[in-house]
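Residue numbers count from 1 along this sequence.
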Amino acid sequence: MAVVVASVLAAGALAPAASARPAPVSSSPSSSSYERAVPPLTDDRGRTLTLRGWNVEDKANRGEDALSAITERHFRDLRAGGFNFARLLVFWDDLEPRRGQYSARYLHTIERILDWARKHRVHVLIDAHQDVFGPAFGHRGIPEWATRTDGLPFTPNPDDWFSEYFQPAVQRAFTHLYEDPDLRRAQAAMWQVLADRFGRHPAVIGYDLINEPMGELREGEDLATAARRIEAEHLTPMYNRLARAVRTKDRDTWIFVEPTPIVGEGVPTGLGRIKDDRTVYAPHFYNTAMEAGADYDPGAGWIEAYEAAVTAYPARHRMPVVVGEWGPLNNALPNMSRFYREAVASLNRYSSGWAGYVWCYGGGYCAVDERGRFRTNKEQTATPYAPAVAGTVRSDTYDAGTRTYRLAYRAAARPGVTVTELSLPPTPRGWRVTVTGRAHVLGASSRGGWPVVLAWPGSEVVVTVREAGPHGRTDRP
């Protein structure tokens with residue numbers, strides 16, 4: 001066993017998880033009999049990846065203070081909580097405050113954040129974030145110099161900021177971004193700067209090309225119809241343009257594409273084919289009523305409708321799914337415990353991962369309080385899972401009622417030992433880890449940690465993780 005461990009370490013199997021680079025996704029039909037099966041996210045060794053984590057942001061500071069609210073603590077605490085993923089919000093208006101002049105300071109700050117993520121083995125998705133287009137309308141995102149409104153009106157609504165997307169000036173600004181040749185070139189050039197600078201950074205797993213894109217509604221058009229048209233006529237060609245631009249600088253890193261946020265209401269997307277075999281579908285998972293302060297309604301069927309709608313597109317186009325944002329504002333309402341339980345179970349059925357909104361220390365949407373303790377019900381996001389599976393996953397389930405995680409897989413048929421990683425979040429009682437098949441567990445911790453499973457190539461393996469009893473007893477692997 002000592003020789004095996006030494007060889008695994010020498011081969012880099014226990015190197016930082018964030019150093020994984022993607023392998024091409026096969027375009028062949030799924031072997032699953034389930035016609036809506038969605039392919040998994042993979043790394044350069046062909047391992048099936050699962051991303052669990054949170055958005056990391058600083059919307060308040062800009063200029064010389066941009067991103068200063070993000071510290072190494074964010075990534076240390078994410079990792080300690082069992083998470084391996086951060087969606088990092090970056091803003092075009094900070095990167096290129098004047099046209100053609102990119103901020104070296106901002107790029108350096110991003111790199112420092114990525115270095116923290118690498119140190120703590122956290123994958124990072126770089127998200128080109130916008131809210132209500134950008135600073136021309138009092139928010140963050142697309143620079144003012146790239147904002148064209150044709151003189152149309154804009155009336156702020158601080159009590160319902162999302163409604164500002166439907167202001168005439170904001171909608172026209174999106175149309176110009178999608179249609180004006182010079183703005184297309186500027187957006188592509190911005191992404192080339194990011195891809196050239198960070199494409200080889202071991203923490204970077206992907207690029208989210210634009211956050212929650214919107215567009216201009218036509219007279220007499222309902223919202224769902226408008227969303228599908230915008231996705232088909234504007235977002236699809238934009239994503240293909242930006243993907244081509246990124247690939248001139250970085251041929252490997254995953255590209256994440258979002259539909260409009262209207263998909264959150266269970267509306268199928270109108271996105272077309274993205275001509276890049278390393279593309280991830282990255283919808284958001286928000287409900288309008290809950291965002292407005294309502295409690296979760298278990299009888300409304302929203303989660304079921306969302307899951308059915310959101311899986312059709314990636315199954316048809318053979319794309320992995322990673323949900324880029326989710327989580328309501330009011331977590332302590334009576335039905336929210338059930339919401340988190342049912343939402344996590346749904347997300348885990350079809351996605352390769354998710355990022356909750358948002359990892360910060362305080363109130364509001366923050367995942368944890370000032371002392372780093374989960375806020376009400378958000379502890380349900382921290383469950384055992386397998387960040388990387390070296391083989392074909394047969395089943396991957398977590399029972400919140402019994403606190404039991406079960407992973408069944410066929411180990412990859414390769415020479416040597418195949419390495420599968422596990423994440424066990426901290427718990428006072430610890431975990432019992434058992435394995436059947438030609439495999440061993442190394443590095444398991446009674447109170448949580450990141451053990452690995454070493455399996456004989458081609459063997460059938462079942463890993464079972466259960467929370468320990470009242471006395472914290474665990475089975476030694």
Side-chain angles (χ1 to χ4, degrees), residues 1 4-5 8 13-14 16-17 47-54 75-85 120-123 337 340-341 343-345 347-349 352-354 356 367-368 372-374 377-391 393-409 411 417-455 459-477:
M1 183 61 71
V4 170
V5 174
V8 169
L14 303 185
R47 297 189 303 171
T48 296
L49 300 181
T50 296
L51 306 177
R52 301 275 180 86
W54 294 82
F75 300 95
R76 181 180 64 248
D77 290 355
L78 279 169
R79 184 70 179 184
F83 300 105
N84 69 337
F85 182 45
H120 296 286
R121 299 181 63 194
V122 174
H123 294 287
S337 178
Y340 273 93
R341 184 170 64 252
V344 168
L347 290 167
N348 295 349
R349 277 194 292 270
S352 288
W354 41 258
V368 294
R373 299 171 301 188
F374 276 114
N377 289 316
K378 294 200 173 187
E379 73 283 352
Q380 295 190 53
T381 62
T383 67
Y385 67 101
V389 178
V393 176
R394 307 294 198 196
S395 65
D396 186 326
T397 59
Y398 176 70
D399 186 326
T402 62
R403 298 277 286 171
T404 301
Y405 172 69
R406 185 179 184 275
L407 168 69
Y409 69 99
V417 178
T418 63
V419 180
T420 289
E421 300 178 19
L422 301 176
S423 169
L424 309 181
T427 173
R429 294 182 175 183
W431 300 97
R432 289 195 292 262
V433 182
T434 58
V435 178
T436 62
R438 302 177 67 189
H440 300 275
V441 179
L442 298 179
S445 167
S446 63
R447 296 185 181 274
W450 297 77
V452 297
V453 178
L454 308 181
S459 61
E460 297 288 344
V461 180
V462 177
V463 181
T464 303
V465 180
R466 293 187 178 91
E467 189 170 18
H471 301 293
R473 291 182 295 108
T474 59
D475 292 340
R476 293 295 180 185

>> What verdict does the side-chain contact (heavy atoms from CB on, under 4.5 Å) test give for V453 and L422, after you've listed the backbone C-alpha separation in whole Å, the side-chain angles of each residue and the deciding distance to 0.1 Å?
In response: CA-CA 8 Å; V453 178; L422 301 176; 3.9 Å; yes
>> Quick check with a 6.0 Å cut-off and a 45 degree axis cone: is R79 positioned over the face of W450's six-membered ring?
In response: yes
>> R432 vs E467, test: salt bridge (Lys or Arg N to Asp or Glu O under 4.0 Å). Steps then yes/no.
In response: CA-CA 6 Å; R432 289 195 292 262; E467 189 170 18; over 6 Å; no
Test item: [X] and [Y] side chains (from C-beta on) under 4.5 Å apart, heavy atoms:
| X | Y | result |
| --- | --- | --- |
| T50 | S352 | no |
| V465 | R406 | no |
| R403 | W431 | yes |
| V389 | L49 | no |
| W54 | L78 | yes |
| V441 | V452 | no |
| V368 | D77 | no |

>> Walk me through whether N84 and Y385 qualify under side-chain contact (heavy atoms from CB on, under 4.5 Å).
In response: CA-CA 11 Å; N84 69 337; Y385 67 101; 3.2 Å; yes
>> Taking side chain to side chain contact (heavy atoms under 4.5 Å, CB included) as the definition, give me every residue that meets it alongside T404, ordered by chain and number, with sequence neighbours left out.
In response: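 T404 satisfies side chain to side chain contact (heavy atoms under 4.5 Å, CB included) with T402, T464, R466 only.
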>> Among residues at least two apart in sequence or on other chains, which ones pass side chain to side chain contact (heavy atoms under 4.5 Å, CB included) with A343?
In response: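 Checked A343 against side chain to side chain contact (heavy atoms under 4.5 Å, CB included); matches are F285, I303, W326, F339.
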Between [X] and [Y], which heavy-atom pair has the shortest distance, and what is it?
| X | Y | answer |
| --- | --- | --- |
| A382 | P425 | O-CG, 3.6 Å |
| G391 | T48 | O-OG1, 3.8 Å |
| S423 | P387 | N-CD, 3.6 Å |

> Does the Q380 side chain pair with the main chain of K378, one donor and one acceptor, at a distance under 3.5 Å?
Replying inline: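 Not confirmed, Q380 side chain does not pair with K378 backbone.
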> For residues D396 and Y409, is any side-chain donor paired with an opposing acceptor at under 3.5 Å?
Replying inline: no
> How long is the gap from OG1 on T383 to CZ on R341, to the nearest 0.5 Å?
Replying inline: 13.5 Å
Which residues pass the side chain to side chain donor-acceptor pair (under 3.5 Å) test with [X], not counting sequence neighbours?
| X | value |
| --- | --- |
| T436 | none |
| W354 | N348 |
| R373 | D369 |

>> Going by the rule ring pair (Phe, Tyr, Trp, His ring centres under 6.0 Å), which residues pair with Y398 if we only count those two or more places apart in sequence or in a different chain?
In response: none
> Any salt bridge between E460 and R438, counting N to O under 4.0 Å?
Replying inline: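 The answer is no: the pair does not qualify as a salt bridge.
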> Any idea how F83 and F374 line up, ring-wise: parallel (<30°), tilted (30 to 60°), or perpendicular (>60°)?
Replying inline: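 Rings of F83 and F374: perpendicular, as their planes differ by over 60°.
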>> If you apply the rule side-chain contact (heavy atoms from CB on, under 4.5 Å), what do you find for L407 with T420, and how did you get there?
In response: CA-CA 11 Å; L407 168 69; T420 289; 4.2 Å; yes
